[in-house]
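These notes are about the structure you will find just below.
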Amino acid sequence: SRNQVVALDSRTGRERWRADVNQVTHYEPALDRRTVLVSADDRFVALERASGERRWEAPVGEHAAGGVLTRVGSEPIALVTTERGFVAAADGRTGQALWSAQLPGDIWAAPAADATVAVGAVLWAGTEDESVNTLRVFDLATGAVRWESAVEAGASAPVIHDGLVVLGEGDGNFAARVVARDVASGAERWSVPAPASFESGVTPGAAGSDVVVSDHFGTITLVDARAAKTR
């Protein structure tokens with residue numbers, strides 16, 4: 001809210017650098033080894049991770065939402081979204097647009113990407129049926145759709161990990177689950193029950209065989225994704 005991005009030393013908490021970014025949003029910054037990517041008003045801003053120096057800006061024409069940094073082969077890619085359903089890929093070095101798509105709904109969840117399988121994923125809220133969202137998995141290099149799946153409205157953001165697209169979904173109350181779909185085909189691989197539904201602003205974490213989600217009451221569920229059971 002103070003139009004600034006601040007980097008703190010992870011060991012001491014001391015400030016490393018501070019950068020002025022007018023109208024920076026509440027969406028989480030995206031990181032890779034070199035870059036910090038933030039959304040601000042109607043644009044995305046890339047900063048040097050080491051110094052906070054501004055590298056490039058990419059306008060998106062409307063309220064910028066979440067983004068993620070990834071790669072296609074050796075090429076860095078910034079995958080960005082807007083709240084009105086615009087999705088685009090930009091060159092991670094320059095911010096130059098590579099492809100874009102307009103989805104028929106609103107995007108409130110951060111996108112996901114996986115460089116090992118060269119795909120991205122985005123969840124959007126449909127404008128006609130408020131009880132259903134749509135999950136789309138697409139080719140990172142071109143934006144071509146790989147598959148889509150209907151998702152209940154009480155859903156988290158997606159995460160792509162270990163050949164799976166995983167997210168929490170529910171009916172907005174207490175009927176909820178964590179569900180994994182095959183990243184190549186969209187076929188459901190497993191699901192486990194969760195205590196309550198989810199918020200689109202929450203992104204699951206994934207490492208090794210574990211996926212962790214937080215529902216909208218703050219309950220943490222840790223799932224063994226290979227055994228398809230709750231830890």
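Quick note: numbers below take in every heavy atom, side chains included, and nothing from hydrogens, waters or symmetry partners.
With contacts defined as side-chain heavy-atom distances shorter than 4.5 Å, the pair Leu31/Arg49 qualifies. The shortest side-chain heavy-atom distance between Asp106 and Arg84 falls under the 4.5 Å cut-off. Side chains of Val119 and Asp139 form no contact here, defined as non-hydrogen atoms less than 4.5 Å apart. Arg181 is not listed as a side-chain neighbour of Leu164, based on a closest heavy-atom distance of 4.5 Å or more. Counting heavy atoms from C-beta on, the side chains of Ile77 and Asp91 never come closer than 4.5 Å.
Among all heavy-atom pairs drawn from Thr203 and Pro158, the shortest one is CG2-O, 4.1 Å. Closest non-hydrogen pair, Thr221 versus Pro195, comes out as OG1-CD, 3.5 Å. Smallest separation of non-hydrogen atoms from Gly92 and Arg55: O-NH2, 3.3 Å. Considering every non-hydrogen atom in both Leu79 and Ala113, the closest pair reads CD2-CB, 4.4 Å. The shortest heavy-atom contact between Asp215 and Phe198 is CA-CD2, 3.6 Å. Closest non-hydrogen pair, Thr134 versus Glu148, comes out as CG2-OE1, 4.1 Å.
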Assess the residue pair Asn133 and Glu152 against the criterion (side-chain contact (heavy atoms from CB on, under 4.5 Å)); give the C-alpha distance rounded to whole Å, side-chain angles, the decisive distance to 0.1 Å, and a yes or no.
CA-CA 6 Å; Asn133 289 346; Glu152 290 195 82; over 6 Å; no

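The side chain to side chain donor-acceptor pair (under 3.5 Å) analysis of residues 61-70, with sequence neighbours excluded, yields the pairs Glu62-Thr82. Under the ring-ring contact (aromatic ring centres under 6.0 Å, His included) criterion, the residue pairs touching residues 201-222 are Phe174-Phe217, with sequence neighbours excluded. Every pair passing salt bridge (Lys or Arg N to Asp or Glu O under 4.0 Å) that includes a residue from residues 21-35 is listed here, sequence neighbours excluded: Arg34-Glu48. Applying the ring-ring contact (aromatic ring centres under 6.0 Å, His included) definition to pairs two or more places apart or across chains, none involves residues 11-45.
Among residues two or more places apart in sequence or in another chain, the ring pair (Phe, Tyr, Trp, His ring centres under 6.0 Å) test is passed with Phe138 by Trp99. For Glu188, the side-chain contact (heavy atoms from CB on, under 4.5 Å) partners two or more places apart in sequence, or in a different chain, are Arg177, Val179, Ser191. Here Ala50 pairs with nothing under the side-chain contact (heavy atoms from CB on, under 4.5 Å) rule; sequence neighbours left out. Scored by the side-chain hydrogen bond (donor to acceptor under 3.5 Å, both in side chains) test, Ser185 finds Asp182 as partners (sequence neighbours excluded). Scored by the side-chain contact (heavy atoms from CB on, under 4.5 Å) test, Thr12 finds Asp9, Arg14 as partners (sequence neighbours excluded). Partners of Pro204 by side-chain contact (heavy atoms from CB on, under 4.5 Å), not counting sequence neighbours, listed by chain and number: Ser156, Val159, Val211, Val213.
Proximity of a side-chain donor or acceptor of Thr35 to a complementary backbone N or O of Leu37 within less than 3.5 Å is not detected. Checking side-chain atoms of Trp108 against main-chain N and O of Ala125 turns up no donor-acceptor pair under 3.5 Å. Judged purely by atom type and a 3.5 angstrom limit, Thr25 uses its side chain to pair as donor or acceptor with the backbone of Ser39. At distances below 3.5 Å, not a single donor-acceptor pair connects side-chain atoms of Asp210 with backbone N or O atoms of Asp224. Using a distance-only test at 3.5 Å, with no hydrogens or angles considered, a donor-acceptor pair links the side chain of His161 to the main chain of Gly208.
How far OG of Ser149 is from CG of Leu123: 10.0 Å, rounded to the nearest 0.5 Å.
If you chain together hydrophobic residues whose side chains sit under 4.5 Å apart, Val117 and Leu135 fall into the same group.
The hydrophobic cluster containing Ile220, built from Ile/Leu/Val/Met/Phe/Trp/Tyr side-chain heavy atoms closer than 4.5 Å, also comprises Val212, Leu222. Clustering of Ile, Leu, Val, Met, Phe, Trp and Tyr by side-chain heavy atoms under 4.5 Å joins Val6 with Leu8.
More than 12 non-hydrogen atoms from other residues, nucleotides or ligands lie less than 6.0 angstrom from CD of Glu15. No more than 12 heavy atoms of other residues, nucleotides or ligands sit less than 6.0 Å from atom CZ of Arg16.
Between the side chains of Asp20 and Gln4, a donor-acceptor pair is found at a separation under 3.5 Å.
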